[in-house]
Amino acid sequence: MAPTTTMSMMMDSPSDLQEFVMIQGNGVKGLYEMGLKTLPKQYIQPLEERMSMTNNKVVPQESIPIIDMSNNNNCEEVEDAICDAAEKWGFFQVINHGVPIQVLENVKDATYRFYELPAEEKVKYTKENSESKHVRYGSSFNPDAEKALEWKDYLSLFYVSDDEAIATWPHPCRDEALEYMKKSEALIKRLLNILMKRLNVSEIDETKEAFLMGSRRINLNYYPVCPNHDLTVAIGRHSDVSTLTVLLQDQTGGLFVRTEDRRGWIHVPPIPEALVINIGDALQIMSNGRYKSIEHRVTANGSKTRVSVPIFVNPRPSDVIGPFLEVLASGEKAKYKDVLYSDYVKHFFRKAHDGKMTIEYAKIS
Ligand SMILES: O=C(O)CCC(=O)C(=O)O
Ligand SMILES: [Fe+2]
């Protein structure tokens, strides 16, 4: 069938579009490559979700902290900057973080390599087809629950063990994704140690380590050029369910973070060689609200393809998480109840992205 015929059929029929994007595994990348000039209506977001609307003012003069983690920097100053940023912003960027720059470049290249596979290859990893429940390729966030789709393709890799990853992760990106995960471990431990110290957790024993970083998931996100990009989003407003997230973004830009007063959005400018760190809901819960998991979103781009590679550092699915006893020791009242982490995550993935609503699930009212 000629591409124009397929395209006009898809523009008219939601099920044809879903078949092409999700079932056949072409993703939004496939839509872009067909030369689509108009955004299909399924992707048109309600007015209030579009970045161009007045309720979504970008605050240009503000910026999240950029923290130099070089070893020769004053330790105490670095530690304070990290904890302050986690309390006030829930988001910061780190430079001289110790993850080799080549490892970051390699995982970005590997992301392109995966998405350049033909749809017949990628489709092997969709929810319907994937041989492993730990490997999932898809488009948008939760198409079954969303009123409007998001302009994003993703490959999500849940880490269980090296052997399992080697046996199941797609070859074009397997080694690079694993290497990025391995090489970021020291940074993750350093950040968690620093953040725990302010919570009076002086030592991360085995149980605490499981709560804080017992499981990890790495996503390879692909956001192709988007027609009528102002009418849609690449990722809708959400907070992460992780303990913390280490995010590698390319030089395109488009990630925005909610301001403290919730009245505007701040751009997270791409900085060469930097990593973005953000606090997730699990750490907001464990710190009893001291560290903030902040709403963020990604805009779609009309002229440039963007990739990003977050590592979600999580508790184990079987862990029951709640505010740490050390935090409550001073008599502070618990703001969150104990929740089974897998239930919390299921709750997040059952819905469309809805800002900061997920954490209501754990709140003591
Ligand atoms: O692509 C980005 O910059 C952010 C991605 C993100 O927020 C997520 O995957 O949870
Ligand atoms: Fe996120």
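Keep in mind the model is a prediction, meaning the values are calculated, not measured.
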What's the separation between atom CG in N26 and atom CD in E120, rounded to the nearest 0.5 Å?
8.0 Å
With no hydrogens and no angle check, just 3.5 Å: does a side-chain donor-acceptor pair link S15 and S13?
yes
Trace of the side-chain contact (heavy atoms from CB on, under 4.5 Å) decision for Y341 with I285
CA-CA 11 Å; Y341 189 62; I285 292 170; over 6 Å; no
Please answer: with hydrophobic residues joined when any side-chain heavy atoms are less than 4.5 Å apart, are M286 and V313 in the same cluster?
yes
Under a 4.5 Å side-chain heavy-atom rule over Ile, Leu, Val, Met, Phe, Trp and Tyr, are V246 and L104 clustered together?
yes
Same cluster or not: are F312 and F349 linked, directly or through other Ile, Leu, Val, Met, Phe, Trp or Tyr residues, by side-chain heavy atoms under 4.5 angstrom apart?
no
Please lay out, stage by stage, how N106 and E179 fare under the test side-chain hydrogen bond (donor to acceptor under 3.5 Å, both in side chains).
CA-CA 9 Å; N106 292 348; E179 185 73 355; over 6 Å; no
For the residue pair L39 and C226, establish whether any side-chain heavy-atom pair is separated by less than 4.5 Å.
yes
Using 4.0 Å as the upper bound for N to carboxylate O, is an ion pair formed by K182 and E185?
no
Hey, what do you get for OG (S308) to NZ (K108), rounding to the nearest 0.5 Å?
11.0 Å
To the nearest 0.5 Å, how far apart are CG in N278 and NZ in K292?
14.5 Å
Going by the ring pair (Phe, Tyr, Trp, His ring centres under 6.0 Å) test, name the single residue among F114, Y154, Y125 that passes it with Y137.
F114
Looking at E49 and K147, does any basic side-chain N land under 4.0 Å from a carboxylate oxygen?
no
Run the numbers on K29 and T305 for side-chain hydrogen bond (donor to acceptor under 3.5 Å, both in side chains), then give the verdict.
CA-CA 9 Å; K29 180 173 185 283; T305 290; over 6 Å; no
Give me the atom names and distance for the closest heavy-atom approach of A334 to I364.
O-CD1, 3.5 Å
I'd like to know if V309 and L155 are part of one continuous hydrophobic network [Ile/Leu/Val/Met/Phe/Trp/Tyr, side-chain heavy atoms within less than 4.5 Å].
yes
Do D153 and Y115 have side-chain atoms, one donor and one acceptor, less than 3.5 Å apart?
no
Hydrophobic clustering (ILVMFWY, side-chain heavy atoms < 4.5 Å, transitive) - are L191 and I204 grouped together?
yes
Would a line drawn from the ring center of F141 to the ring center of F348 be shorter than 6.0 Å?
yes
Do S140 and E146 get their side chains close enough for a donor-acceptor pair, meaning under 3.5 Å?
yes
Residue pair D250 / P270: nearest heavy atoms and the distance that separates them
O-CB, 3.3 Å
For the atom pair CG (N221) and CD (Q249), what is the distance rounded to the nearest 0.5 Å?
11.5 Å
Check the side chains of N314 and S242 for a donor-acceptor pair under 3.5 angstrom, ignoring hydrogens and angles.
no
Quick check with a 6.0 Å cut-off and a 45 degree axis cone: is R216 positioned over the face of Y159's six-membered ring?
yes
Can you name the nearest heavy-atom pair linking Y43 to T232, along with the distance?
O-OG1, 2.7 Å
Trace of the salt bridge (Lys or Arg N to Asp or Glu O under 4.0 Å) decision for R350 with D343:
CA-CA 10 Å; R350 260 198 299 261; D343 284 347; over 6 Å; no
Crowded around E131 CD? As in, over 12 foreign heavy atoms under 6.0 Å?
no
